[in-house]
2 protein chains.
Amino acid sequence: MSLPLLKPVVTAADRVLQELLQDIVNGVIAPGSKISEPELAKRFDLSRAPLREALARLERCHLLERTPNAGSRVVKLSTENLLSLYQLREELEGLACRLAATQMNDAEIREMQELLDQHLSSQRVREGESYYQEAGDLDFHYRIILGSKNPYLINILTDELYHLMRMYRVQLGMNGPRVSRAFDEHKAIINAIANRDGELADLLMRRHIAASRRNIETKLRTQI
Amino acid sequence: MSLPLLKPVVTAADRVLQELLQDIVNGVIAPGSKISEPELAKRFDLSRAPLREALARLERCHLLERTPNAGSRVVKLSTENLLSLYQLREELEGLACRLAATQMNDAEIREMQELLDQHLSSQRVREGESYYQEAGDLDFHYRIILGSKNPYLINILTDELYHLMRMYRVQLGMNGPRVSRAFDEHKAIINAIANRDGELADLLMRRHIAASRRNIETKLRTQI
DNA sequence: TTTAGTCTGATTGTCGACAATCCTGCCTTT
DNA sequence: AAAGGCAGGATTGTCGACAATCAGACTAAA
């Protein structure tokens, strides 16, 4: 269940980035709250230089908003932005599917099919255990994105939009059902890719994401 | 002919960012060459802190590649990457058109139509003067992107991919013809948006960008 | 009472120096 | 002669302090 989404951690800025990322995505640092550089520097016991480096990268992920001479704030979640995010995702992941249908080799496709079967069985065993389901879904999307072999597309989806989407899912409590549905949809998408039918894979992925969007939208309507 | 693509310049990091951006896009700093932080700091007469801030932003634009403890290099131009870039652009600007067709208000659309007429007449006067043509094209695309009203889409196209595309255009000498063609295509796209026909605007924009890609591809084949 | 201005405190931006890491060339060893 | 290890030098990452800027409270005038 390896999600190599995390960049290599070698520098101090990398470490504090990981911690901040987790805290923001999980809502430990509340949306809309102000970021105090001196305070965080003290908390992580390092100077402001690597901290600022980390903040810059968080801004790149749309998790922070920085204004010159005024500091950083954690982004606020809104229905409008969620909609904008999903509009983009439908388009980009659809494109990823179309490209993956021609760019992935047979071994990669077979590996994904096996992976999906694994997820299915493990999911049946641990009914309702949402972590694995979540990780499985992420892994599925992640592999298709990589399969597109388009470096800019990969960068946008896995580096710049991914964590913001996670933030929405986590903070709106998206552990819920829609499990078996999602598995079937994943299976259909992989089959289309295995048949080298990029058009169909594109269409199915758009529907899959649209369904996910509607799911999260209803959740959002009842919560906020 | 205002292209408000440049963020407000208030800090020292902003200034050096602008200079570096220009030098990299124009090839003054050669593609593939290594960036020396001490050297640049001396050249711009400031410390390494704001310089590193600028480098981080250039990395975000895909103009630099940084590896931990090894420094930064200017990206190299390649046919594969150019293709990947245009694949993304077709998809994203197509989406921008579809959204703009419903999101732009009548005043914004009328303004764009007038702007296009201005460009056409000024272009007829200054035949072959490529700067205005270039600026006109950029302005056209820019306004449609903004018209989508999707903040993430806007950020990706105007902040993260825009300068890299400029780099390809400049360094491959894309001043050339394809002027009148482009104007007609622009006109058709705006008309589709004015008719609130997002599907058509999407299609036309994809074709427009595909034509531009083929144009730049032949240029690239003869040059490299 | 409202508004404009000022002053203070805190925060961000920048600086120069130190520590840690990596690359290069040379030397040793097989 | 080739491969591996070992300094030496240079570069990047990090630190603590200073300067510039901003937010908010307070005062004073209309």
*Return the value, rounded to whole Å, for the distance between atom CZ of B:Arg48 and atom P of D:dA10.*
15 Å

_Rounded distance [0.5 Å steps], CG in B:Leu51 versus CD in B:Glu37_ = 6.0 Å

Could you list all N or O pairs between the protein and nucleotides 20-23 of chain D that sit under 3.5 Å apart?
residue: D:dT21; atom: O3'; partner: A:Asn69; partner atom: ND2; Å: 3.4

*Gap between atoms CG and P, on A:Leu17 and D:dG13 respectively (whole Å)*: 14 Å

*asked:* Counting C-beta onward and ignoring hydrogens, is there a side-chain heavy-atom pair between A:Asp159 and B:Arg60 closer than 4.5 Å?
replied: no

*On DNA chain D, nearest-nucleotide positions of A:Pro50 versus B:Gly71: which is more 5'?*
B:Gly71

*Between P of C:dC15 and CD of B:Glu37, the distance in whole Å*: 14 Å

*Can you label the angle between the B:His141 ring and the B:His186 ring as parallel, tilted or perpendicular, going by 30° and 60°?*
perpendicular

*Given C:dT12, D:dT14, D:dC15, the nucleotide with the shortest approach to the side chain of A:Pro38*: C:dT12

_How about CD on B:Gln22, more than 12 heavy atoms from neighbouring residues, nucleotides or ligands closer than 6.0 Å, or not?_
no

Provide a list of protein-nucleic acid N or O atom pairs under 3.5 angstrom, restricted to nucleotides 5-10 of chain C.
none

_Can you tell me how the ring of B:His62 sits relative to the ring of A:Tyr152, calling it parallel under 30°, perpendicular over 60° and tilted otherwise?_
perpendicular

*Is it true that B:Glu93 and B:Arg206 make a salt bridge, defined as a side-chain N closer than 4.0 Å to a carboxylate O?*
no

*Please give, in whole Å, the distance from D:dT12 P to A:Glu53 CD?*
13 Å

*asked:* Measuring from atom CG of A:Leu63 to atom CG of A:Leu55, what distance do you get when rounded to the nearest 0.5 angstrom?
replied: 11.5 Å

*Euclidean distance, atom CZ of residue A:Arg73 to atom P of C:dT12 [Å, nearest integer]*: 11 Å

*May I ask you to evaluate whether A:Thr11 reaches the phosphate of D:dT14, defined as a side-chain N or O under 4.0 Å from OP1 or OP2?*
yes

*Look at all strands and tell whether A:Ala49 reaches a base, only sugar-phosphate, or nothing, counting heavy atoms closer than 4.0 Å.*
base

*asked:* For B:Lys42, I'd like to know if atom NZ has over 12 heavy atoms of other residues, nucleotides or ligands within 6.0 Å.
replied: no

_Sugar-phosphate only, base, or nothing, as touched by A:Ile35 at under 4.0 Å among non-hydrogen atoms_ = sugar-phosphate

_Please confirm whether the shortest side-chain N or O distance from A:Arg52 to OP1 or OP2 of C:dG13 is below 4.0 Å._
yes

_Any B:Lys34 side-chain nitrogen or oxygen under 4.0 Å from OP1 or OP2 of C:dC22_ = no

_Spacing of B:Arg66 atom CZ relative to C:dT21 atom C1', expressed in whole Å_ = 15 Å

*Does a sphere of radius 6.0 Å around CG in B:Asn105 hold more than 12 heavy atoms from other residues, nucleotides or ligands, not counting ones at 6.0 Å or beyond?*
yes

*4.5 Å side-chain heavy-atom contact, A:Leu95 and B:Leu88*: yes

_On the nucleotide D:dC15, are OP1 or OP2 found under 4.0 Å from the side-chain N or O atoms that A:Ser47 carries?_
yes

*Can you tell me the distance, in whole Å, between the CZ atom of A:Phe44 and the C1' atom of D:dT14?*
17 Å

*Atom pair distance, as rounded to whole Å: CG in A:Asp45 and P in D:dG16*: 9 Å

